[in-house]
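These notes are about the structure you will find just below.
Below, chain A is the first sequence line, B the second, and so on; all start at residue 1. Scope of the values below: all heavy atoms of this structure, side chains included, with no hydrogens, waters or symmetry mates.
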2 protein chains.
Amino acid sequence: MPTDRGREVLDFLRAYIARHGRAPKLREIARHLEIGSRGTVHRYLRALEAEGLIAIEPARARGVRLRRKAAARPFVLPLLGRIAAGRPIEAVPGADEIDLSEFFVAPNRFVLRVAGDSMVEDGILDGDMVIVEWRETADNGAIVVALIDGQEATLKRLQKNHDGSVTLRAANSTMPPMRYAADRVRVQGVVVGQFRSYR
Amino acid sequence: MPTDRGREVLDFLRAYIARHGRAPKLREIARHLEIGSRGTVHRYLRALEAEGLIAIEPARARGVRLRRKAAARPFVLPLLGRIAAGRPIEAVPGADEIDLSEFFVAPNRFVLRVAGDSMVEDGILDGDMVIVEWRETADNGAIVVALIDGQEATLKRLQKNHDGSVTLRAANSTMPPMRYAADRVRVQGVVVGQFRSYR
DNA sequence: GCTGAATGAGAACAAAAGGAGAACATTACA
DNA sequence: TGTAATGTTCTCCTTTTGTTCTCATTCAGC
């Protein structure tokens, strides 16, 4: 059981690691807790290590790792159920919370803000964010970030044709599908998610 | 686990490759990170290769390849920029990463899975998730979870009328707006976000 | 009073992190 | 083919970081 101050150090470690994905430096911990000396901070870290809450890689910058016992609060929201017009909210059995990090966070992903209405019929509106996984191949029908002639980047549905050519389809009936020779189109990533904020 | 500077090199590699389709030159990395020596940059690349995050084709210009293992940060994804049909990805100045936990997670929020097409014209499709903030009041035009007569829960746009009554509008032209006396409608929450997974 | 735990400051040191630049080999390209 | 650009390998340097000390202060409990 850590002391009061030790617990504050641990709380900050959790918050920092959740936010940045790596441990803070001793100086950052000290500044946040208004401690003037790195030596003092280090004493707390050693105490936390002695209790099995963290592991310290000696002499390494940011060499602190949280152990299972001290795992950060998960990135979850309660999932209340399904909502449909005209009926009460239905509870979803067996799924009472949803881990957003499973949906979104994975290696090699990044976010793009969408400009324009080219995917509006797939529910991707101007200003929405899409989560893209960096990949060079994609399945037929996937929404991809494609680079045409090494210059123009677009968000389109991918269709591979039998003759080897590639058709890129917008989800907007005012925009005709475009067909390209295979070597003109390079897939940069596949859209694996989308989100939007109303604030 | 890369050092601070090594991680910045990796972030730049990811952003550059996603944007240009090929790796940068050492001098480009150096200029972006304000490093004066190519030798220093090369040391970072070798460290990243030793950790299995990238592969280097020896002596080749732009001979860096990202490996799948390249680690992402939990809850934080890089924001590469804006994408629009017919133009390269534009960088967004001053916003190079998005903290999804700040975006979505708050103690008074929950997630609902949407069933049906009542909000399809607002880009909320069947099966999408909406993030709802628990509140009893809402601004005009907000998308709300409303309870009608204490029984039916629906997802609709809210419109407060001058006579005190309330109109709930679906975003679907086949569904007519419905008008209710104020005491029949109770706002349960306001939609603050929406997301979708393509897996 | 006395004691011990908790907390803090700061000095001193070794190692890591970060950088500059020279020198050379190889590649890219007009 | 020849020249500039690029990648690669060094060594030397400064700053930052982690680490280990000692000393001081406060406070609770006996």
Side-chain angles (χ1 to χ4, degrees), chain A residues 1-17 19-67 70 149-151, chain B residues 1-17 19-67 70-71 73 96:
Chain A
M1 184 102 87
T3 66
D4 287 0
R5 219 54 174 134
R7 183 162 290 277
E8 290 181 46
V9 171
L10 184 59
D11 287 343
F12 179 68
L13 283 176
R14 277 200 281 250
Y16 190 102
I17 292 175
R19 190 184 175 87
H20 298 96
R22 54 185 167 171
K25 296 187 276 196
L26 294 196
R27 171 172 296 179
E28 294 175 302
I29 303 172
R31 179 152 34 89
H32 186 263
L33 298 187
E34 293 179 338
I35 295 173
S37 165
R38 285 169 296 153
T40 301
V41 173
H42 190 266
R43 190 207 290 143
Y44 289 116
L45 293 180
R46 235 186 330 178
L48 291 172
E49 189 185 34
E51 299 187 56
L53 294 169
I54 65 172
I56 301 178
E57 220 179 338
R60 284 275 149 73
R62 306 183 187 276
V64 174
R65 198 166 46 80
L66 286 180
R67 312 202 69 159
D149 297 330
Q151 291 199 346
Chain B
M1 180 153 37
T3 66
D4 285 7
R5 229 38 183 142
R7 186 179 288 255
E8 288 180 43
V9 171
L10 183 59
D11 286 344
F12 178 69
L13 283 176
R14 277 202 284 251
Y16 189 102
I17 291 175
R19 199 168 293 155
H20 297 93
R22 55 179 182 173
K25 296 187 280 195
L26 294 195
R27 171 171 295 177
E28 293 177 300
I29 302 172
R31 178 154 35 88
H32 187 263
L33 297 186
E34 293 179 338
I35 295 173
S37 165
R38 284 169 296 152
T40 301
V41 174
H42 191 266
R43 191 210 286 146
Y44 288 118
L45 293 180
R46 234 185 331 176
L48 291 173
E49 189 184 36
E51 298 188 54
L53 296 169
I54 65 172
I56 302 178
E57 222 178 336
R60 284 275 149 72
R62 305 182 188 274
V64 174
R65 200 164 46 79
L66 285 180
R67 310 199 70 162
R73 299 167 231 197
D96 60 348

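For A:Arg27 and C:dA17, the CZ to C1' distance is 13 Å, given to the nearest whole Å. Taking atom CZ of residue B:Arg22 and atom P of nucleotide C:dA28, one finds them 12 Å apart after rounding to whole Å. Rounded to whole angstrom, the span from the CZ atom of A:Arg60 across to the P atom of C:dG18 amounts to 12 Å. Following rounding to the nearest Å, B:Arg31 (CZ) and C:dG19 (P) show an atom-to-atom distance of 17 Å. Per the geometry, CG belonging to A:Leu26 stands 18 Å off P belonging to C:dA15, to the nearest Å. In this structure, A:Lys25 atom NZ and C:dA15 atom P are separated by 21 Å, rounded to whole Å. Between the P atom of C:dA6 and the CD atom of A:Glu8 lies a distance of 15 Å, rounded to the nearest Å.
With a 4.5 Å cut-off on side-chain heavy atoms, B:Ile35 and B:Ile29 do not count as touching. Residues B:Val9 and B:Leu45 have side chains in contact (heavy-atom distance under 4.5 Å, counting atoms from C-beta outward). A heavy-atom distance below 4.5 Å is not found between the side chains of B:Val64 and B:Leu48. The shortest distance between side-chain heavy atoms of A:Val41 and A:Leu33 does not fall below 4.5 Å. Put simply, the side chain of B:Tyr44 reaches to within 4.5 Å of the side chain of B:Thr3, judged on heavy atoms. Side-chain contact between A:Thr40 and A:Arg5: absent, with no pair of heavy atoms (C-beta onward) separated by less than 4.5 Å. With a 4.5 Å cut-off on side-chain heavy atoms, A:His32 and A:Glu28 do not count as touching.
At the phosphate of C:dA16, neither OP1 nor OP2 sits under 4.0 Å from any side-chain N or O atom of B:Thr3. An OP1 or OP2 oxygen of C:dG19 is reached within less than 4.0 angstrom by a side-chain nitrogen or oxygen of B:Tyr44.
The outermost nucleotides of DNA chain D lying under 4.0 Å from heavy atoms of chain B, listed 5' to 3', are D:dT6 to D:dT9.
Ion pairing between a basic and an acidic side chain is recognised when a charged N comes within 4.0 Å of a carboxylate O; B:Arg7 and B:Asp4 show no such pairing.
In the interface, the side chain of B:Arg5 is not paired with the base of C:dG19 through any donor and acceptor atom under 3.5 Å apart.
Around the CZ atom of B:Arg62, the shell of radius 6.0 Å holds more than 12 heavy atoms that belong to other residues, nucleotides or ligands.
At a non-hydrogen distance threshold of 4.0 Å, B:Ile35, B:Gly36, B:Ser37, B:Gly39, B:Thr40 from residues 33-42 of chain B come into contact with DNA chain C.
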